[in-house]
Novice: 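First the structure, then my questions, so here it is.
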Amino acid sequence: MEQYIIKGGNALKGEVNIAGAKNAALGILAGAMLTDETVIIENLPDVSDINAFIQAMQSIGCMVEHIDRNTIRVNAIAIDTTEVSESQMRKIRASYYMIGALTGKYHRSRVVLPGGCKIGTRPIDQHIKGFRALGATVDVKGGIVSTEADKLKGTDIYLDVVSVGATINIMLAAVLAEGKTIIENAAKEPHVVDIANFLNSMGANIKGAGTDTIRIRGVEKLHGTTYSVIPDQIEAGTFMFASAITGGNVLIKNVIPKHLESISAKLIEMGCEVYEYDDSVRVVSNGRLRKTNIKTLPYPGFPTDMQPQGAIALSMAEGTSIVTESIFENRFKYVDELTRMGAQVKVEGNVAIIEGVEKLSGANISAPDLRAGAALVIAALAAEGFSTIEDIHYIERGYEDFPRKLQGLGALIEKVTEEKEVRKFKLRVG
Ligand code: EPZ
């Protein structure tokens, strides 16, 4: 039994430091295998998705050692197989980056199909289309993707849907290909740009990341580098909403405020004050939040990874709000849990209609996936009374020290493993 126990009702106050971006770091780890020279990665978040990816790298012979908790040294010279069967890989979505990196460098790969959060069907047809366009044959059989190519040759690839993963994967495969690759309708997320910057620091020639046309001129070889991962936009956004929903005043440090603009804009519509500094933002919330509508969109729109946090804040806002999920088809699974806390939400297809209630009340709930799990934690922080959150392994996939950081802001939350600890917590906090 591993769970969080929470007593809600405290307004969060103080400062919190944001870790490196998990979804940028996953692509960077894959990219580090494209050279035989040593790569040092700094500001790597210590979360289970990253640790699973590192284990998979080690399982094919890549050397990875920790210099400290958030810095690693990678050397791929001793990779002795392009078959990734590491069982951990089934659990993480980003296992698909192994395909791009191994195909790019060794022209072959055999990788178990990605798992990850169950938030929709999550096909990888656009990744496959990109690898094929570069000249690889791609086979999908028995849950394994195999690629093979004599050589990879640059080409024009138009993505039918804006896909973060396909954009990054095609970049990974194309940086060492012969000639020029153009990715049209590319994703513009901050982590796409960060991975392009990282690859360029290794000698790649990628232009246009952050726009919808990315141009890659293949180079013969990449070299070692030292690179620091950008701050996590979604972890930052989660703390911004945690401040908003608890009537708090929190300074969220080590962020890039530009990446948070769509989140700040919604919080301001909801009646919060948001102050932007060079590398931090402060969210102040006084009184009840106001209704608004949210529609998730690719960057620079409101991120799908912030949809549950947004909806949970709106469940306590004054009036009726509408939340439209336009990226994934199954991202309202947390609504049942939220309803058990007293929220009034009706889901119709990809739309949630939320009648704001004045109060949520504590309940025993489960995290259905990573972001929804974090969102339910902040709901419990705002709710009256005690809550327990189960299946916290989802939350640990992407949030470093989540309970400790919240405790630092005055939240009453603890990770417990035994019933005895639950009783102790209840006695201590009253
Ligand atoms: C990335 O997933 C993130 N994961 C997700 O974060 C995030 O929610 C998502 O991007 C959107 O921002 C990682 O970076 C590891 P997509 P990804 O390809 O790359 C469709 C988290 O909580 N599509 O941009 O898998 C797809 O079904 C996770 O950290 C195809 O149709 O997302 C979806 O509707 C959850 N064919 C849309 O595109 C494809 O080949 C966007 O997906 C690929 C995608």
Side-chain angles (χ1 to χ4, degrees), residues 19-31 45 47-50 52-53 56 89 91-100 113-133 138 140 145 157-172 183 185-195 212 229-230 232-238 259 262-263 296-309 324-331 333-334 350 367-375 393-400 402:
K22 168 188 79 97
N23 289 344
L26 289 163
I28 287 172
L29 285 170
V47 295
S48 66
D49 267 14
I50 294 292
F53 199 89
M89 291 308 268
K91 296 190 202 146
I92 65 167
R93 183 78 193 146
S95 57
Y96 52 41
Y97 293 146
M98 285 278 178
I99 312 171
L113 264 177
C117 283
K118 304 276 180 289
I119 53 181
T121 49
R122 308 191 76 178
I124 59 162
D125 57 300
Q126 298 303 305
H127 303 234
I128 292 174
K129 169 175 153 172
F131 301 143
R132 285 190 177 137
V138 185
V140 186
V145 184
I157 299 162
Y158 185 90
L159 295 180
D160 301 327
V161 286
V162 180
S163 159
V164 174
T167 304
I168 293 170
N169 229 345
I170 295 168
M171 282 201 300
L172 290 168
I183 311 174
N185 200 26
K188 297 183 277 213
E189 266 67 5
H191 38 299
V192 173
V193 179
D194 201 39
I195 293 161
D212 48 23
V229 180
I230 51 161
D232 198 303
Q233 175 205 22
I234 306 301
E235 187 197 9
T238 303
H259 295 167
S262 62
I263 299 164
T296 64
L297 286 169
Y299 190 82
F302 191 88
T304 173
D305 289 350
M306 287 299 305
Q307 181 262 103
Q309 300 85 320
T324 309
E325 171 56 58
S326 58
I327 310 289
F328 291 110
E329 65 267 29
N330 194 12
R331 223 172 179 175
K333 278 186 301 183
Y334 62 91
N350 68 336
D369 62 60
L370 163 58
R371 306 302 173 186
H393 59 94
Y394 283 116
I395 300 170
E396 291 175 346
R397 295 174 66 153
Y399 290 85
E400 183 180 290
F402 199 40

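When a ligand or atom number is given, it counts from 1 through the structure's own listing order.
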Novice: Does any N or O atom in Thr304 lie less than 3.5 angstrom from one in ligand 1, N or O only?
Specialist: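 No; the residue has no nitrogen or oxygen that sits under 3.5 Å from a nitrogen or oxygen of the ligand.
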Novice: How are the rings of Phe402 and Tyr399 set to each other: parallel, tilted or perpendicular (split at 30° and 60°)?
Specialist: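 Correct class here is tilted.
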Novice: Any N or O on Gln126 sitting closer than 3.5 Å to an N or O of ligand 1?
Specialist: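 Looking only at distances, the answer is yes, because the N/O contact criterion of under 3.5 Å is met.
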Novice: Which one holds for Pro123 and ligand 1: side chain close, backbone close, both close, or neither close, with close meaning a heavy atom under 4.0 Å?
Specialist: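 Both the backbone and the side chain of Pro123 come within reach of ligand 1.
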Novice: Could you go through Leu172 and Met98, starting from their C-alpha distance and side-chain angles, then the distance that decides it, and tell me whether this counts as side chain to side chain contact (heavy atoms under 4.5 Å, CB included)?
Specialist: CA-CA 9 Å; Leu172 290 168; Met98 285 278 178; over 6 Å; no
Novice: At less than 4.0 angstrom from any non-hydrogen atom of Gly165, what atoms of ligand 1 do you find?
Specialist: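 Those of ligand 1 that fall under 4.0 Å from Gly165 are 18 (O), 19 (O).
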Novice: Determine whether His259 and Ile230 make a side-chain contact, defined as any pair of heavy atoms from C-beta on separated by less than 4.5 Å.
Specialist: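 Yes - at least one pair of side-chain heavy atoms lies under 4.5 Å apart.
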Novice: Check each of Lys129, Gln233, Arg397, Arg371 against atom 22 (O) of ligand 1 and report the one with the nearest heavy atom.
Specialist: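 It is Arg371 whose heavy atom sits nearest to atom 22 (O) of ligand 1.
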Novice: Going by heavy atoms, is Tyr96 under 4.0 Å from ligand 1?
Specialist: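 The answer is yes: ligand 1 sits under 4.0 Å from a heavy atom of Tyr96.
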Novice: Purely on distance, is any nitrogen or oxygen of Val164 under 3.5 Å from one on ligand 1?
Specialist: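 Such a contact does occur with ligand 1.
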Novice: Side-chain contact test, heavy atoms from C-beta onward, threshold under 4.5 Å: evaluate it for Ile234 versus Met306 and give yes or no.
Specialist: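 In contact.
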Novice: Near Arg331, which atoms of ligand 1 are under 4.0 Å from a heavy atom of that residue?
Specialist: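 Heavy-atom distances to Arg331 below 4.0 Å select 8 (O), 22 (O), 35 (C).
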Novice: Any N/O of Asn23 closer than 3.5 Å to an N/O of ligand 1?
Specialist: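 Yes - when backbone and side-chain N and O of Asn23 are compared with those of ligand 1, one distance drops under 3.5 Å.
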Novice: What are the two closest heavy atoms between Val162 and Pro298, and how far apart are they?
Specialist: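 So the two residues come closest at CG1-CB, 4.1 Å.
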Novice: Which heavy-atom pair separates Ala372 from Tyr334 by the least distance, and what is that distance?
Specialist: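 That would be CB-CB, 3.7 Å.
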Novice: Applying a heavy-atom cut-off of 4.0 Å, say which part of Ile234 lies close to ligand 1: side chain, backbone, both or neither.
Specialist: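 Looking at Ile234 and ligand 1, no heavy atom falls under 4.0 Å.
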Novice: Using heavy-atom distances only, which candidate in Ile124, Asp125, Ile327 approaches atom 36 (N) of ligand 1 most closely?
Specialist: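 The nearest heavy atom belongs to Asp125.
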Novice: For ligand 1, is there an N or O atom under 3.5 Å from any N or O atom of Leu26?
Specialist: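 Among all N and O atoms of Leu26, none is under 3.5 Å from an N or O of ligand 1.
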Novice: Under a 4.0 Å heavy-atom limit, does Lys22 contact ligand 1 with its side chain, its backbone, both, or neither?
Specialist: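 Near ligand 1, Lys22 shows its side chain, while the N, CA, C and O stay back.
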Novice: Where the side chain of Gln309 meets the backbone of Asp305, is there a donor-acceptor pair that is under 3.5 Å apart?
Specialist: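 Present.
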Novice: Check whether any N or O atom of Val161, backbone or side chain, sits under 3.5 Å from an N or O atom of ligand 1, and answer yes or no.
Specialist: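 By distance alone, the answer is no.
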Novice: Just by distance, no angles: are the side chains of Ser48 and Glu396 close enough, under 3.5 Å, to form a donor-acceptor pair?
Specialist: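 Their side chains do not contain a donor-acceptor pair, so the 3.5 Å distance test is not met.
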Novice: Kindly give the heavy-atom pair with the smallest separation between Gly301 and Ser262, and that separation in Å.
Specialist: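 Answer, listing the atom of Gly301 first, then Ser262: O-OG, 3.4 Å.
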